[in-house]
Amino acid sequence: MTTPLFRRLLGQDMERLPPILRQAHDADDRRLWVGTAVVTRSANPIARLLCRMMKLPSPGDDVPVTILFERTGTAERWSRTFAGRRYRSSLTERNGLMIERMGPATNIFQISIIAGLLHLDLVGFRFLGIPFPRWARPRCHAREREEAGHYVFDVPVSLPWLGHVIRYTGQMERIDD
């Protein structure tokens with residue numbers, strides 16, 4: 001059996017995560033989580049087109065969310081559904097970084113734990129295999145935490161030349177499937 005992705009990325013620091021985040025990120029099986037989110041998007045037509053192209057969630061309050069975390073060997077697959085709109089990503093580890101492939105985009109994240117929060121900070125980005133320089137790549141400083149027994153997430157995305165693109169925040173709980 002291979003070591004789960006986040007345990008490889010965080011090592012012993014995994015023990016510093018709140019229990020609910022360990023349930024989500026340190027399991028050997030499928031984990032189904034459900035909840036609600038608030039999704040805000042830029043009114044800018046270019047930002048809206050980018051969100052649509054990447055199949056990112058539509059804006060709304062109390063948006064139903066389902067996320068299925070699946071282990072596949074040394075990788076993980078995250079299947080997300082926001083109000084019926086689905087998008088998937090495949091996550092692997094390379095040189096201590098988390099590599100997320102999502103359609104034509106590849107996001108490269110530095111993972112850390114600070115004050116009980118899981119930080120996922122975008123440190124690299126490729127589109128159609130072409131690397132973006134730091135000044136042109138998206139900004140994403142996602143955070144996960146436990147609050148009142150729920151898995152809470154906050155994922156803001158912006159572009160340096162466009163500003164706010166999308167932000168989705170919400171909470172979930174595990175559903176045994």
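This is a predicted model, so every value here is computed, not measured. The chain is numbered in sequence order, starting from 1.
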>> Counting C-beta onward and ignoring hydrogens, is there a side-chain heavy-atom pair between F69 and L32 closer than 4.5 Å?
In response: no
> Going by an N to O cut-off under 4.0 Å, is there a salt bridge joining R30 and E70?
Replying inline: yes
> With the threshold set at 4.0 Å, does a side-chain nitrogen-carboxylate oxygen contact exist between E100 and R80?
Replying inline: yes
> Among all residues two or more places apart in sequence or in another chain, which pass the salt bridge (Lys or Arg N to Asp or Glu O under 4.0 Å) test with R16?
Replying inline: D13
> Mind checking whether I111 and M98 have side chains closer than 4.5 Å, heavy atoms only?
Replying inline: yes
> Below 4.5 Å, heavy atoms only, C-beta onward: do L17 and L118 meet side chain to side chain?
Replying inline: yes
>> Ignoring hydrogens, what is the shortest heavy-atom contact between Q171 and F153? Give both atom names and the distance.
In response: N-CE2, 3.8 Å
> What do you reckon, is CH2 of W135 surrounded by more than 12 foreign heavy atoms closer than 6.0 Å?
Replying inline: no
> Linking Ile, Leu, Val, Met, Phe, Trp and Tyr by side-chain heavy atoms under 4.5 Å, what else ends up with L97?
Replying inline: I99, I108, V123
> Looking only at heavy atoms, which two atoms of L5 and T92 are closest? And how far apart?
Replying inline: CD1-C, 3.6 Å
> Minimum heavy-atom separation for Q23 to R31, with atom names?
Replying inline: O-CD, 3.3 Å
>> For a 4.5 angstrom cut-off between non-hydrogen side-chain atoms, does P64 reach T66?
In response: no
> Can you tell me how far the CD atom of E93 sits from the CG atom of N95, to the nearest 0.5 Å?
Replying inline: 7.0 Å
> About how many Å separate CG of L91 and CZ of F6, when rounded to the nearest 0.5 Å?
Replying inline: 6.5 Å
> So, for P138 and L159, which heavy atoms are closest and what is the spacing to 0.1 Å?
Replying inline: CA-CD2, 3.5 Å
>> For F125 and T106: C-alpha separation, side-chain torsions, deciding distance, then whether side chain to side chain contact (heavy atoms under 4.5 Å, CB included) applies.
In response: CA-CA 6 Å; F125 179 79; T106 300; over 6 Å; no
>> Between L162 and N44, is there a side-chain heavy-atom distance shorter than 4.5 Å?
In response: yes
> How many angstroms lie between CG in L68 and CH2 in W33, if you round to the nearest 0.5 Å?
Replying inline: 12.0 Å
> Which atoms form the tightest heavy-atom contact between L122 and F109, and what is the distance?
Replying inline: N-CD2, 3.6 Å
> Would you call Y87 and W78 a side-chain contact if the rule is heavy atoms closer than 4.5 Å?
Replying inline: no
> Minimum heavy-atom separation for S42 to A47, with atom names?
Replying inline: CB-CB, 3.6 Å
> Would a distance-only check, ignoring hydrogens and angles, find a side-chain to backbone donor-acceptor pair under 3.5 Å from R41 to I166?
Replying inline: no
> Is any side-chain heavy atom of T169 less than 4.5 Å from a side-chain heavy atom of V152?
Replying inline: no
Donor-acceptor pairs are to be reported for all side-chain atoms of residues 48-62 against protein atoms at under 3.5 Å, with residues two or more places apart or in another chain.
residue: S58; atom: OG; partner: R85; partner atom: NH1; Å: 2.8

> Who passes side-chain hydrogen bond (donor to acceptor under 3.5 Å, both in side chains) against R7, sequence neighbours left out?
Replying inline: E15, D26
Acceptor/donor pairs from residues 140-149 side chains to any protein atom, 3.5 angstrom cut, sequence neighbours excluded:
residue: H141; atom: ND1; partner: D121; partner atom: OD1; Å: 2.8
residue: R143; atom: NE; partner: H119; partner atom: ND1; Å: 2.7
residue: R143; atom: NH1; partner: H119; partner atom: ND1; Å: 3.3
residue: R143; atom: NH1; partner: D121; partner atom: OD1; Å: 2.9
residue: R143; atom: NH2; partner: H119; partner atom: ND1; Å: 3.1
residue: R143; atom: NH2; partner: D121; partner atom: OD1; Å: 3.3
residue: E144; atom: OE1; partner: H25; partner atom: NE2; Å: 2.6
residue: E144; atom: OE1; partner: Y151; partner atom: OH; Å: 3.2
residue: E144; atom: OE2; partner: Y151; partner atom: OH; Å: 2.8
residue: R145; atom: NE; partner: E147; partner atom: OE1; Å: 3.1
residue: R145; atom: NH2; partner: E147; partner atom: OE1; Å: 2.8
residue: E146; atom: OE1; partner: I20; partner atom: N; Å: 3.0

> Does atom CZ of R77 have more than 12 heavy-atom neighbours from other groups under 6.0 Å away?
Replying inline: no
> Roughly how far, to the nearest 0.5 Å, is the CG atom of L9 from the CZ atom of R94?
Replying inline: 12.0 Å
> To the nearest 0.5 Å, how far apart are CG in D154 and CG in L117?
Replying inline: 9.5 Å
> R167 side chain to V38 main-chain N or O, any donor-acceptor pair under 3.5 Å?
Replying inline: no
> In terms of hydrophobic clustering (I, L, V, M, F, W, Y; side-chain heavy atoms under 4.5 Å; direct or indirect links), are V165 and I46 co-clustered?
Replying inline: yes
>> Going by salt bridge (Lys or Arg N to Asp or Glu O under 4.0 Å), name the residues that satisfy it together with R139, two or more places apart in sequence or in a different chain.
In response: none
>> For a side chain to side chain contact (heavy atoms under 4.5 Å, CB included) check, start with the C-alpha distance between I113 and L10, then their side-chain angles and the critical distance, and finish with the verdict.
In response: CA-CA 8 Å; I113 302 169; L10 294 169; 3.8 Å; yes
